[in-house]
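See structure below.
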Amino acid sequence: MDRKITEIIHHGYAKKFSESIQSNVLIVGGGPSGLTAGYLLRQEGLKVVIIEKRLAPGGGIWGGGMGMNEVVVEEDVLDLLDEFGIRYTDVGEQLYSVDAVELASGLTFKAVQSGAVLLNRVGAEDVCIADDRVSGVVINQTDVIGRLPVDPVTFTADAVLDATGHEAVICSALNRRRTLSGVKGGALVGEEGMDARKAEEFVVENTGEIFPGLWISGMGVCSVWGGPRMGPIFGGMLSSGRKVAGQIAASVNAA
Ligand code: 48F
């Protein structure tokens with residue numbers, strides 16, 4: 001039995017890893033925008049891989065606000081919540097209250113069940129560039145990055161989505177070598193002060209392709225373009241994931 005368990009795990013993981021080496025869409029970061037995009041891109045029939053540096057996907061959802069595990073969403077994402085089977089409560093002013101654990105686990109469950117391959121404990125540490133186009137990312141086991149002298153490997157894809165949240169890891173890595181259009185002075189602009197309403201709109205409006213082959217969604221949009229920061233309101237993250245899924249699907253299908 002013990003031998004069999006090891007064989008099953010090794011075989012199952014090897015299959016997922018092998019499928020991840022080349023895909024249509026490689027999503028870096030399993031937070032709300034990345035998971036939403038992953039699920040919707042699977043509905044378009046694309047081969048989707050999500051890498052998440054932590055053990056649990058869900059990003060900033062779990063802790064709600066200040067560790068109080070409840071979050072807020074707006075009316076325009078209720079159709080998505082219905083599709084994901086996630087419950088919500090009308091709290092007035094076109095705002096809805098959602099259990100943070102149900103949102104994080106529900107998004108994760110549907111993304112994986114839709115057929116996206118999700119590898120946790122895998123972190124992206126750099127970007128691959130071929131013919132002046134982002135062609136993939138450099139990855140390693142999270143607990144190795146910066147700690148042990150272990151070389152990374154690469155995952156390549158037709159499209160790469162930076163869904164790493166505040167850090168905008170892939171855009172930052174690219175910006176060290178190429179100036180992203182609109183980004184001045186070789187550094188990402190960084191977030192402005194808190195303004196949830198403006199930030200939600202800003203994220204969705206500026207979601208998109210930022211360099212050939214590289215798209216940005218979610219909170220990273222504010223880091224890259226200098227949008228306001230925001231608190232535990234997540235409608236914009238889901239809307240950003242939905243918008244970028246449409247953009248990527250159109251681009252990959254046209255190629
Ligand atoms: O931070 P995160 O939830 O990003 P998001 O989808 O949503 C932002 C909100 O949570 C919140 C907010 C608005 O409500 O202010 O911040 O834009 O999820 C990002 C995910 O990416 C993972 C990280 O662990 C998290 O789960 N991640 C970050 N860097 C890497 C990474 C990396 N280098 N490689 C792989 N995953």
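Side-chain atoms are counted along with the backbone in the values below, which use heavy atoms only and exclude waters and symmetry mates. Read the numbers this way: they start at 1 and go in the same order the structure lists the ligands and their atoms.
Near ligand 1, heavy-atom contacts under 4.0 Å come from V28, G29, G30, G31, P32, S33, I51, E52, K53, R54, G59, G60, V122, G123, A124, A163, T164, G165, H166, V169, G218, M219, M230, G231, I233, F234, M237.
Checked by atom type, the side-chain pair Y96/E75 shows a donor-acceptor distance below 3.5 Å.
Residues meeting the side chain to side chain contact (heavy atoms under 4.5 Å, CB included) test with L55, sequence neighbours left out: N120, R121. The salt bridge (Lys or Arg N to Asp or Glu O under 4.0 Å) search around E125 returns none, not counting sequence neighbours.
The stretch residues 219-248 participates, sequence neighbours left out, in these salt bridge (charged side-chain N to carboxylate O under 4.0 Å, His left out) pairs: D79-R242.
Salt-bridge formation is not detected for the pair R197/E201: no Lys NZ or Arg NE/NH1/NH2 atom is positioned less than 4.0 Å from an Asp or Glu carboxylate oxygen.
Ring centers of F155 and F17: under 6.0 Å apart, within the cut-off.
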